[in-house]
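Worksheet: one structure, shown below.
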Amino acid sequence: VLVTGGTGFLGPWIVHETQQTFPDAKVFVLVRGANAEDARKRLEKDMAAARLKLSTQVEVLAGDLIRPHFGLPDAEWNRLISRLYLVIHS
């Protein structure tokens, strides 16, 4: 499952509900950031502000929707698209 907009107004709640609805699925969250660690910290901050937590099933990807392949390196893009069956664009 890929979630976009995870740091938007409703984003933390959408990430939380996705974790709950698909407990056995890998959940990728696309977040703008300099790198994956920076993007993850940004999402964790927004989740904490909503009193929510990220589960271990969540993988935060540093990228940008307006860039080709979301700005992901080819290997990461190919890994992502090979595992996706649902996109939640928020």
Side-chain angles (χ1 to χ4, degrees):
V1 178
L2 172 65
V3 177
T4 67
T7 58
F9 182 72
L10 294 175
W13 293 100
I14 292 169
V15 171
H16 174 74
E17 287 300 317
T18 303
Q19 294 173 148
Q20 301 299 311
T21 303
F22 303 100
D24 297 325
K26 182 70 157 181
V27 178
F28 297 95
V29 183
L30 187 69
V31 176
R32 283 188 299 257
N35 54 50
E37 182 180 337
D38 180 55
R40 184 170 190 88
K41 285 180 184 177
R42 192 169 163 221
L43 180 59
E44 286 174 341
K45 178 180 160 245
D46 289 350
M47 295 284 289
R51 296 190 172 138
L52 302 169
K53 292 186 180 187
L54 285 178
S55 76
T56 57
Q57 80 196 85
V58 172
E59 181 176 338
V60 180
L61 303 172
D64 193 333
L65 279 176
I66 66 169
R67 299 191 60 207
H69 296 178
F70 305 145
L72 300 172
D74 287 341
E76 195 167 15
W77 169 256
N78 289 329
R79 183 175 65 88
L80 174 66
I81 63 171
S82 72
R83 298 190 64 188
L84 279 185
Y85 59 90
L86 176 66
V87 176
I88 302 171
H89 179 55
S90 59

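These numbers were taken from a predicted model, which means no experiment stands behind them. Keep in mind that the numbers below use all heavy atoms, side chains included, and drop hydrogens, waters and symmetry copies.
Applying the ring pair (Phe, Tyr, Trp, His ring centres under 6.0 Å) test to every pair with at least one member in residues 33-54, sequence neighbours left out, gives no pairs at all. Applying the ring pair (Phe, Tyr, Trp, His ring centres under 6.0 Å) rule to pairs touching residues 54-90 yields His69-Trp77, Phe70-Trp77, sequence neighbours excluded. Pairs engaging residues 15-54 under the ring pair (Phe, Tyr, Trp, His ring centres under 6.0 Å) rule: none recorded [sequence neighbours left out].
In terms of the side-chain hydrogen bond (donor to acceptor under 3.5 Å, both in side chains) criterion, Arg83 has no residue partners (sequence neighbours excluded). Legend: residues meeting salt bridge (Lys or Arg N to Asp or Glu O under 4.0 Å) with Arg42, ordered by chain and number and at least two apart, are absent. For Leu10, the side-chain contact (heavy atoms from CB on, under 4.5 Å) partners are Ile14, not counting sequence neighbours. Legend: residues meeting ring-ring contact (aromatic ring centres under 6.0 Å, His included) with Trp13, ordered by chain and number and at least two apart, are absent. For Ala36, the side-chain contact (heavy atoms from CB on, under 4.5 Å) criterion is met by no residue, not counting sequence neighbours. Residues forming a side-chain hydrogen bond (donor to acceptor under 3.5 Å, both in side chains) with Glu17 (at least two apart in sequence, or on another chain): none. Remark: Ala62 pairs with Ala39 by the side-chain contact (heavy atoms from CB on, under 4.5 Å) rule, at least two apart or across chains. Residues passing the side-chain hydrogen bond (donor to acceptor under 3.5 Å, both in side chains) test with Lys26, sequence neighbours excluded: none. Residues satisfying the side-chain contact (heavy atoms from CB on, under 4.5 Å) test with Asn35, not counting sequence neighbours, are Glu37, Asp38.
With values rounded to the nearest 0.5 angstrom, Leu54 atom CG is found 12.0 Å from Glu59 atom CD. Here the CD atom belonging to Gln20 is positioned 9.5 Å from the CG atom belonging to Leu52, to the nearest 0.5 angstrom. Atom CG of Leu43 is separated from atom CG of Leu30 by 11.0 Å, given to the nearest 0.5 angstrom. The CD1 atom of Ile88 lies 3.5 Å from the OG1 atom of Thr18; values are rounded to the nearest 0.5 Å.
Heavy-atom neighbours of Arg79 CZ from other residues, nucleotides or ligands within 6.0 Å: above the threshold of 12.
Following chains of ILVMFWY side-chain contacts shorter than 4.5 Å, one cannot reach Ile81 starting from Val1, and the two form parts of different hydrophobic clusters. Residues Leu2 and Val15 do not share a hydrophobic cluster, clusters being chains of Ile/Leu/Val/Met/Phe/Trp/Tyr side chains in contact below 4.5 Å. Residues Val87 and Leu72 share a hydrophobic cluster, clusters being chains of Ile/Leu/Val/Met/Phe/Trp/Tyr side chains in contact below 4.5 Å.
Formation of a donor-acceptor pair under 3.5 Å by the Gln19 side chain with backbone atoms of Val27 is not found in this model.
For the pair Val29 and Arg40, the minimum side-chain heavy-atom distance is 4.5 Å or more.
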